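Step one of this worksheet: look at the structure below.
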There are 2 protein chains.
Amino acid sequence: MVNQKYKEELSYELGELLKSAERIVPIKKGSYLFKEGQVAKEMYIILSGKVQISKINAEGNELSLRLCKHNDIVGELTLFTVDPRYIFNAKVIENGEAAAINIVDLEQAFFKNSQLAFEFLRWMNDHIRKTITKFRDLVLNGKKGALYSTIIRLCNSYGVLRENGIEISVPLTNQDLANFCGTARESVSRMLTELRKNHIISISKKIITVHDLEYLKKEIDCENCPIEYCNID
Amino acid sequence: MVNQKYKEELSYELGELLKSAERIVPIKKGSYLFKEGQVAKEMYIILSGKVQISKINAEGNELSLRLCKHNDIVGELTLFTVDPRYIFNAKVIENGEAAAINIVDLEQAFFKNSQLAFEFLRWMNDHIRKTITKFRDLVLNGKKGALYSTIIRLCNSYGVLRENGIEISVPLTNQDLANFCGTARESVSRMLTELRKNHIISISKKIITVHDLEYLKKEIDCENCPIEYCNID
DNA sequence: AACGTTTTGTGACAGAAATCACGTTAAATT
DNA sequence: AATTTAACGTGATTTCTGTCACAAAACGTT
């Protein structure tokens, strides 16, 4: 049974899920929780630290899909498959711990415990909704729309309110942002320069502070959808 | 209780789901099963006919997300939400019938019946995996990649083997294809012209026949993922 | 068959975005 | 502090994609 120290901080649903957890693994910056193609035996709940989910294509371009933190579930897409293999890379970008849940056990737990299955269904539903709205932004509004949408989502997931705006509390290089947008590093650099020039954002030590979130939202016809669907987790 | 005539054709999982169905509704070409923003009371299983799921943005551009047929589930994203509203449009493009499932009843059914919840979880998991791979193709390989990926998926969902190739058994205009790719109609027209010139495809009466699927797959570095994840449903 | 409507193909052009190149700045390491 | 490495900014150029315009073709209807 798993260490109890995180239990209180978890939502009820995750608490239920965590009862199935086998062990806690430490995660170290730079290492991978799992890599594409590996046989999948476990799904993870991030307890602390940060993990980036990404996919690398044949030309070597990396597409980042999620940036996960405390209470996020990763490796969930391997459930219910005949030959379970991870289809993405999970790179640790900040030290922490993750609870590992054996997927065979979990599938059985779902079967026995409809409360658990129900909560996971709810999570899955939110997750797919989030995924679709995220990609819609990437596809429909060009590269500028992709970047602005990414910044808005980062604010919703990692924003800390400061007197001069919202600070995104994760250091991100231009290349990191480019990977989230499916765009070139140089294009991101140019767009960020323009945003700075117009005092929409400012950047210091790879930390972005957004001074005018409304501007970004207006530019991409943001519908102000609920924050549960508009984040980068 | 629902009409029995379709039961035999359904997979086991859908059969289970269908037990919760309340009524069968006829669907007529040109009408909408539901529209974005409407209060959602029902989820549907398509029994026959075809339904296109799409989203229209502020500028009036339409992005098509799915093209659904027999045994596909639509309207599923409204489950488990506090103020359930449809977030997409479901336009009927071929006459048929759909089984309507009350979402409140269904949520209760999931809670009571873990078998049912389990099967639906499996479906959701496949669905999100499919969604991610689809959008990845749209984002990473440019507009040509988006079109080729869409054609490959259409083959997997609606392809009929002919002596000269795979016939996509749904009439599609260039605009329809453009909507699936998030691209301009004229761009699609040009790309299709080029594919025809190179004898990769041919088109007759809005029906595309693919003569060289391998060419399309090679161009977008297709990994030959399982057909369950590479379709347009 | 004649008509109106929708769809298609294509040229011309403009704007967006990727790529290449390279000097500068910032960060990490010794 | 000095040195190496990584990240950034930006001009120049090329490629890709969208937009506009319009004629031709296909389709549906009477």
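Note that the coordinates shown come from a computational prediction; the quantities given were computed from them, not determined experimentally. Chain A is the first sequence line, chain B the second, and so forth, proteins listed ahead of strands; every chain is numbered from 1.
Between the base of D/dG9 and the side chain of A/R185 there is a donor-acceptor pair shorter than 3.5 Å. A donor and an acceptor atom sit less than 3.5 Å apart, one in the side chain of A/R190 and one in the base of C/dT19.
Residue A/T173 places no side-chain N or O under 4.0 Å from the OP1 or OP2 atom of D/dA7. An OP1 or OP2 oxygen of C/dA18 is reached within less than 4.0 angstrom by a side-chain nitrogen or oxygen of A/T183. Contact between the side-chain N/O atoms of B/S187 and the OP1/OP2 oxygens of D/dG18 is found at a separation under 4.0 Å. For D/dG9, one of the phosphate oxygens OP1 or OP2 lies less than 4.0 angstrom from a side-chain nitrogen or oxygen of A/S189. A sub-4.0 Å separation between OP1 or OP2 of D/dA7 and a side-chain N or O of A/N174 is absent.
Using modelled atom types and a 3.5 Å distance limit, the side chains of B/R129 and B/T133 yield no donor-acceptor pair.
Straight-line distance from the CD1 atom of A/I203 to the C1' atom of C/dA27: 16 Å, rounded to whole Å. Rounded to whole angstrom, the span from the CE atom of B/M191 across to the P atom of D/dT17 amounts to 7 Å. Between the CG atom of B/N179 and the P atom of D/dG18 there is a distance of 12 Å, rounded to whole Å. In this structure, the NZ atom of B/K144 is 16 Å from the C1' atom of C/dA17, given to the nearest Å. Following rounding to the nearest Å, B/R196 (CZ) and C/dT10 (C1') show an atom-to-atom distance of 12 Å. Whole-Å rounding puts the A/L138 CG to C/dA16 C1' distance at 17 Å. Remark: C1' of D/dC8 and CD1 of A/I207 are 16 Å apart, rounded to the nearest angstrom. Distance CD (A/E194) to P (C/dA17): 11 Å, rounded to an integer number of Å.
The pair A/D72-A/R66 does not count as a salt bridge, with every side-chain nitrogen at least 4.0 angstrom from each carboxylate oxygen. A salt bridge does not link A/D176 with A/K206: every distance from a Lys NZ or Arg NE/NH1/NH2 to an Asp or Glu carboxylate oxygen is 4.0 Å or more.
Within 6.0 Å of NZ in A/K41 there are 12 or fewer heavy atoms belonging to other residues, nucleotides or ligands.
Closest approach to the A/A184 side chain among D/dT19, D/dT17, C/dT19 is made by C/dT19 (side chain taken as heavy atoms from C-beta onward).
Recorded end-axis angle for the helix from C/dA1-D/dT30 to C/dT30-D/dA1 stands at 50°, based on five pairs per end and rounded to 10 degrees.
Between A/L63 atom CG and A/L138 atom CG the span is 7.5 Å, to the nearest 0.5 Å.
Contact annotation for B/T193: backbone-only contact, meaning every heavy-atom pair under 4.0 Å involves sugar-phosphate atoms and none involves a base.
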Checklist entry - Given A/E36 and A/K55, is the salt bridge (Lys or Arg N to Asp or Glu O under 4.0 Å) satisfied, shown in steps? => result CA-CA 8 Å; A/E36 193 178 337; A/K55 170 107 187 161; 3.1 Å; yes
Checklist entry - Taking it one step at a time, do B/N57 and A/D221 satisfy side-chain contact (heavy atoms from CB on, under 4.5 Å)? => result CA-CA 8 Å; B/N57 74 355; A/D221 292 309; 5.8 Å; no
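Along DNA chain C, the nucleotide closest to A/N141 and the one closest to A/K206 are compared, and the more 5′ of them pairs with A/N141.
Of all heavy-atom pairs between B/N231 and B/I227, the closest is ND2-O, 3.2 Å.
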